[in-house]
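These notes are about the structure you will find just below.
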There are 2 protein chains.
Amino acid sequence: MLEARLEQANVLKKVVEAIKDLVQDCNFDCNDSGIALQAMDNSHVALVSMLLSSAAFAPYRCDRNIALGINLGSLTKVLKAAGTEDWLTIKAEDAPDVVNLVFETKDADRISEYDIKLMDIDQEHLGIPETDYAATITMPSVEFQRICRDLSALSESVSIECSKEGVKFACQGDIGSGSVFLKQIEKVDKPNETVKIEMTEPVSLTFSLKYLVNFCKATGLSGTVQLSLSSEVPLLVQYDLQDQSYLRFYLAPKIGDEE
Amino acid sequence: MLEARLEQANVLKKVVEAIKDLVQDCNFDCNDSGIALQAMDNSHVALVSMLLSSAAFAPYRCDRNIALGINLGSLTKVLKAAGTEDWLTIKAEDAPDVVNLVFETKDADRISEYDIKLMDIDQEHLGIPETDYAATITMPSVEFQRICRDLSALSESVSIECSKEGVKFACQGDIGSGSVFLKQIEKVDKPNETVKIEMTEPVSLTFSLKYLVNFCKATGLSGTVQLSLSSEVPLLVQYDLQDQSYLRFYLAPKIGDEE
DNA sequence: CTATCATTAT
DNA sequence: ATAATGATAG
């Protein structure tokens with residue numbers, strides 16, 4: 001059986017909020033190392049990968065590998081019933097028909113409990129290759145969100161161009177063109193405002209702003225975001241969560257005429 | 001060429017916000033004395049006149065007279081990308097296809113740059129006659145906004161009646177009638193709360209509240225507003241900006257049955 | 001002055 | 001349902 005308690009129902013709430021527009025139904029794969037999720041969006045352009053490590057839960061118990069096939073719309077409805085500060089316990093049998101979610105206020109004055117029916121979902125196994133990226137940018141997540149929103153007013157696509165000096169986001173559209181340049185800068189006192197670039201070679205790639213704006217729904221999960229790029233390889237947009245957990249989005253670059 | 005830097009992108013942001021619902025496309029006329037704009041609203045009932053004096057910019061350089069025909073919707077999108085505290089530099093060539101806007105944080109860690117395509121706009125020249133108004137009321141801009149909003153809940157029109165004692169805003173509507181009387185009062189310590197009336201003869205005129213509410217979008221630009229009235233002449237609603245700059249709205253009075 | 005929230009308008 | 005706006009709190 002599975003039994004896992006999160007001290008912040010909020011984390012799962014925000015994760016699901018951030019991915020539910022990309023993926024309708026997916027498996028939450030539970031094993032002794034934690035709860036993981038991988039899924040492609042409907043158009044097979046983007047990929048979501050989440051890990052909530054067993055370390056993020058206390059207690060965490062999972063005797064056997066279980067795949068919980070869940071409709072994210074249903075899960076969203078249920079998670080709306082959770083208070084931000086509620087503790088969340090996820091429970092399932094070894095061969096479950098339902099997943100059981102229990103929300104309790106810290107003092108246990110209010111306990112709410114929901115069962116969500118599970119579904120069988122074809123497990124298209126998604127091998128995500130480990131990549132050595134040519135460049136990784138770490139920047140404030142709100143800054144990335146701001147840039148994606150601003151540029152999406154002008155165009156469908158953005159080019160991300162990374163050099164040692166900094167990173168430039170640029171686009172062209174019908175009403176004109178726009179660009180934002182961020183200088184690499186370390187703010188020791190405010191690490192969340194640091195823009196850091198780790199790079200082996202300069203890289204410039206173009207991506208759909210619609211997807212990037214969508215990924216930015218995860219902004220509230222982390223103060224910083226990492227963008228990892230290599231030529232002809234999907235962009236990795238990563239939000240690190242506490243306790244070795246993460247939410248990652250992959251997005252294939254636009255090539256040639258598509259730009 | 002034109003090159004003009006505003007230390008507060010905010011000023012242009014608020015000006016455009018205040019007029020974009022009245023005017024879609026208009027020329028920004030640039031010459032060595034500054035950047036000016038005159039335009040009528042679509043229904044030709046109201047007129048907007050803005051001056052950003054060269055003194056409001058540092059530096060300011062404009063070698064030749066240039067008319068920048070800009071779609072205010074596009075400009076709004078771009079200005080949304082400016083931070084409140086950003087410095088804004090406006091640049092254009094002598095015979096430009098685009099206007100270039102550069103936003104930079106004070107420390108230049110973030111530089112964003114936008115080109116907006118220009119349009120040819122028929123320059124219907126608007127001779128705005130200098131008028132000696134029968135009465136000019138200076139009052140807190142938030143007070144004027146409040147009155148226009150409150151009375152617009154009751155009626156389409158408001159009468160503004162000015163005497164030496166003070167000014168009365170009154171309206172009649174289906175559900176009842178309303179009026180607000182402001183006594184002339186000088187608060188030496190709080191000049192922004194002063195209500196001052198300069199008058200050669202009493203005057204009473206009626207105006208469309210819809211337009212006045214619209215003009216009040218400029219409230220954030222100045223702590224005070226001046227209302228200038230004369231019989232059978234458009235009302236002048238004026239917001240003074242820093243450095244000999246201003247935003248003015250003119251609105252023809254309603255007459256006879258129209259009230 | 002920014003961020004969040006709450007309300008409203010589309 | 002979502003987006004834009006305005007109010008409020010930090």
Please state how far atom [atom1] in [X] lies from atom [atom2] in [N], giving the value in whole angstrom units.
X        : N     : atom1 : atom2 : answer
B:Lys77  : D:dA3 : NZ    : C1'   : 14 Å
A:Arg146 : C:dT4 : CZ    : P     : 14 Å
A:Glu193 : C:dA3 : CD    : P     : 10 Å
A:Lys20  : D:dT2 : NZ    : C1'   : 11 Å
B:Arg149 : C:dA9 : CZ    : C1'   : 14 Å
A:Lys210 : D:dT2 : NZ    : C1'   : 16 Å
B:Lys14  : D:dG6 : NZ    : C1'   : 14 Å
A:Glu17  : D:dA1 : CD    : P     : 12 Å

[X]-[Y] side chain donor-acceptor pair, cut-off 3.5 Å:
X        : Y        : value
A:Lys254 : A:Ser157 : yes
B:Asp25  : B:Asn71  : yes
B:Tyr239 : B:Ser245 : no

Check the angle between the aromatic planes of B:Phe103 and B:Tyr114 and answer parallel, tilted or perpendicular using the 30° and 60° thresholds. tilted
Nearest-neighbour nucleotide for the B:Lys80 side chain, C:dT2, D:dT5, D:dA7 considered: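 Given the options C:dT2, D:dT5, D:dA7, the side chain of B:Lys80 is closest to D:dT5.
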